[in-house]
Trainee: 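Take a look at this one; I'll ask things after.
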Amino acid sequence: LQLMVAANEKLPDMLWAFPLPPAERENYGKQGYFVDLLPYFEEHKLTHYFDGEAASYLTEDEKSTTLSAGLSSNGALYAFPFWAVSVADPWSNGLLINNKFCEALGMDIPTTIDEYYDYLVAVKTKDPNGNGLNDEIPLVGFAKSGNGDIITNLLNSFLYYPATWEGVALCADDEGKIYVPYQQDAFREGMRWIAKCHAEGLISDLSFSQDRYGLQAMTDLTGDAPDVVGSAMSHRSYMFASHATAERRPHYTTIGPLVGPEGVAYASTWKTEPGYVNFITTDCEHPDVAFAVLDFMTSAESTLTARYGRENEYWRYATEEEIAGGSAWSDLGYTDVLYTSANMKLAWGQQTDEIWNTVHITWQPKGFTALTPKTVYENPISQYNYDDWNQGVMKRYGQAPKNLVGSLAYTEEEVAQLGTSETDIGVYVRECMTRFVIGEMDIEKDWEEFQNNLKVMGLETVLSCAQAAYDRAYGSK
């Protein structure tokens, strides 16, 4: 796009699945390259599916943010919003506990941080795999991912910390005031607890360096090989090459947030919001037609075809029996059933002329992805995998503060003020958190220097700009 604009070339009528940072999106729009789509939504003449079928799958909160969260600082909407979030995805971060170890140790699955500590110590000292060797790993995760991040996930038993690896981790209190968790006393308390576990050999050092495949090599075992992992910080799919049929999958139980010493029990999650990556350019001769196409893409027919492929081969509409049986997520209040891809030959990850395997031009808010029936599998491992995961997700579901901070649209002036501060602070905080845990920094002796460095790096400016952008999008509380 940058090259085409620089060369003054004619742009395509539309750009699909073309992610741009909010500031860059606004910059191209203000220069006249993108059509402001807000008038189309306000006139309601071409929003046949958007206002009808698509809107029926949204909560009131989602309806209010679908357009507002994508507005640029000048009030224009330069991209068509599309939702792509499953019921489970925002609640997929957390622990899986080795239930076979619990049985061997005569312990229940832990539900509090204190019970979990006792379990970790028992795994390390009492040989739960029974092979006579001190080879058990009480807790292990993996790096560069919120799913495998031991530190941020465990911190949620002390205070809320959003799911991010090197992000600045912006949060908002109940009144909408922006803050960061790593300036709070509860953060220090949580870091003390995690550092203590590491110092006692309860957390594997590999958690801070290996990738998901390193973890998989520890958990996706077969035959006579004894289990060694007592608990894993991971998504189930990262622990096994094929989690629905893996031999050891039934050995691991997905748990909810652990209750901390002050009763805190959050799930490390993020704010679900639409994606704004589909544009109509001002070179489009018939923008009304282009908008109507995007409107059609919000329909169930278009969404299911674009996401899954050919009907009755890769997905199908639910039967009357499945509809009568209710949604797989009925315990969360979702009742209706529409479609399923279970037990069909859908090949995830493939992209062909039949299977687009894309989410960028599909309408999949939680209310749509929840329209799947309860599934019965012939394979008992597959059934366990399905049941355990759903139960774990339901334990985590909604365990987050009232206000979450998503992407923010900064003005040009704010972008200039911020510079690289957000990125630099995120990287620095991640480095320090790891060093606090492994003992290279001391949470007591080095705390003041840590805070001073954040100030020098521009944290106050980050908070100020974020507050202004948050208030523009959601209104001051």
Side-chain angles (χ1 to χ4, degrees), residues 19-27 30 65 68-75 144-146 149 151-153 155-156 158-188 190-191 266 268-273 276 400-436 441 443 446-477:
L20 292 170
E24 194 170 342
R25 185 171 72 217
E26 177 175 346
N27 185 44
K30 291 171 71 173
T65 61
S68 64
L71 294 177
S72 294
S73 64
N74 63 349
K144 302 293 184 182
S145 168
D149 188 354
I151 299 174
T152 58
N153 280 287
L155 279 173
N156 276 275
F158 298 86
L159 81 170
Y160 178 68
Y161 203 108
T164 179
W165 179 257
E166 289 183 341
V168 72
L170 295 172
C171 301
D173 66 17
D174 288 350
E175 285 70 46
K177 181 180 179 181
I178 298 294
Y179 70 95
V180 288
Y182 38 86
Q183 287 189 309
Q184 313 301 312
D185 288 340
F187 173 86
R188 294 182 74 182
M191 293 301 296
Y266 288 125
S268 185
T269 187
W270 62 89
K271 182 176 179 60
T272 58
E273 54 191 3
Y276 302 93
K402 170 186 173 183
N403 295 319
L404 300 176
V405 181
S407 57
L408 298 173
Y410 295 114
T411 64
E412 292 182 23
E413 293 76 14
E414 288 164 348
V415 170
Q417 290 179 57
L418 288 168
T420 62
S421 293
E422 283 191 300
T423 301
D424 294 344
I425 289 172
V427 171
Y428 175 69
V429 169
R430 162 54 54 182
E431 175 189 347
C432 290
M433 286 199 299
T434 301
R435 295 182 67 194
F436 281 135
M441 291 176 66
I443 197 67
D446 298 318
W447 179 255
E448 185 174 346
E449 181 182 358
F450 173 56
Q451 295 300 320
N452 287 337
N453 287 342
L454 291 172
K455 184 175 182 179
V456 171
M457 296 173 77
L459 180 57
E460 291 181 4
T461 299
V462 168
L463 294 175
S464 175
C465 290
Q467 188 70 65
Y470 184 87
D471 289 345
R472 282 195 299 270
Y474 305 105
S476 56
K477 303 289 183 177

Trainee: Of all the heavy-atom pairs spanning Pro162 and Thr152, show the shortest one and how long it is.
Mentor: O-CB, 4.5 Å
Trainee: What's the shortest heavy-atom distance between Tyr470 and Leu404, and which atoms?
Mentor: CE1-O, 4.2 Å
Trainee: Pair Tyr161, Tyr266 - check side-chain contact (heavy atoms from CB on, under 4.5 Å), show working.
Mentor: CA-CA 8 Å; Tyr161 203 108; Tyr266 288 125; over 6 Å; no
Trainee: What are the two closest non-hydrogen atoms of Asn74 and Glu26, and how far apart are they?
Mentor: N-OE2, 3.9 Å
Trainee: Is any side-chain heavy atom of Glu431 less than 4.5 Å from a side-chain heavy atom of Glu166?
Mentor: no
Trainee: Taking the six-membered ring for Trp, are Phe450 and Phe187 parallel (under 30°), tilted (30 to 60°) or perpendicular (over 60°)?
Mentor: parallel
Trainee: Distance from Arg188 atom CZ to Ile443 atom CD1, nearest 0.5 Å?
Mentor: 6.0 Å
Trainee: Any side-chain heavy-atom pair from Lys30 and Glu412 closer than 4.5 angstrom?
Mentor: yes
Trainee: Do Tyr160 and Leu155 make a side-chain contact, defined as non-hydrogen atoms from C-beta onward lying under 4.5 Å apart?
Mentor: no
Trainee: For Cys171 and Val405, which heavy atoms make the closest approach, and how far apart are they?
Mentor: C-CG2, 3.6 Å
Trainee: Quick check against the 3.5 Å criterion: does Asn403 have a side-chain atom that pairs as donor or acceptor with the backbone of Ala172?
Mentor: no
Trainee: Considering all heavy atoms of both residues, which atom of Arg472 and which atom of Ala409 are nearest to each other, and what is their separation?
Mentor: NH2-O, 2.9 Å
Trainee: I'd like to know if Arg430 and Asp149 make a salt bridge, using a cut-off of under 4.0 Å between side-chain N and carboxylate O.
Mentor: yes
Trainee: Please tell me whether Thr65 and Glu273 have a donor and an acceptor in their side chains that are separated by less than 3.5 angstrom.
Mentor: no
Trainee: For the residue pair Gln467 and Tyr179, confirm or rule out a side-chain donor-acceptor distance under 3.5 Å.
Mentor: no
Trainee: So Ile425 and Tyr182, side-chain contact (heavy atoms from CB on, under 4.5 Å) or not? Walk me through it.
Mentor: CA-CA 11 Å; Ile425 289 172; Tyr182 38 86; 3.5 Å; yes
Trainee: Begin with the C-alpha distance, continue with both residues' side-chain angles, and end with the deciding distance and a verdict on side-chain hydrogen bond (donor to acceptor under 3.5 Å, both in side chains) for Asn453 and Tyr428.
Mentor: CA-CA 9 Å; Asn453 287 342; Tyr428 175 69; 2.8 Å; yes
Trainee: Considering non-hydrogen atoms only, spot the tightest contact between Leu408 and Pro22 and give its length.
Mentor: O-CG, 3.8 Å
Trainee: Is any side-chain heavy atom of Gln183 less than 4.5 Å from a side-chain heavy atom of Leu463?
Mentor: yes
Trainee: Within the distance-only criterion (no hydrogens, no angle test), does the side chain of Asp173 pair as donor or acceptor with the backbone N or O of Ile178 below 3.5 angstrom?
Mentor: no
Trainee: Verify the neighbour count for atom CG of Asp185: are there more than 12 heavy atoms of other residues, nucleotides or ligands below 6.0 Å?
Mentor: no
Trainee: Indicate yes or no for a side-chain donor-acceptor contact from Ser268 to the backbone of Ala163 under 3.5 Å, with no hydrogens or angles considered.
Mentor: yes
Trainee: Please name the residue in the list Val168, Leu454, Val180, Asp424 that meets the side-chain contact (heavy atoms from CB on, under 4.5 Å) test with Val429.
Mentor: Leu454
Trainee: Which is it for Glu414 and Thr461 under the side-chain contact (heavy atoms from CB on, under 4.5 Å) test, yes or no, and what are the steps along the way?
Mentor: CA-CA 9 Å; Glu414 288 164 348; Thr461 299; over 6 Å; no
Trainee: Salt bridge check, Glu175 against Lys402: does any charged N sit closer than 4.0 Å to a carboxylate O?
Mentor: no
Trainee: Answer yes or no: is there a side-chain heavy-atom contact under 4.5 Å between Phe436 and Ile151?
Mentor: no
Trainee: With rounding to the nearest 0.5 angstrom, report the CE to SG distance, Met441 to Cys432.
Mentor: 4.0 Å
Trainee: When Thr411 is tested against each of Ser73, Ser72, Cys465 for side-chain contact (heavy atoms from CB on, under 4.5 Å), which residue passes?
Mentor: Ser73
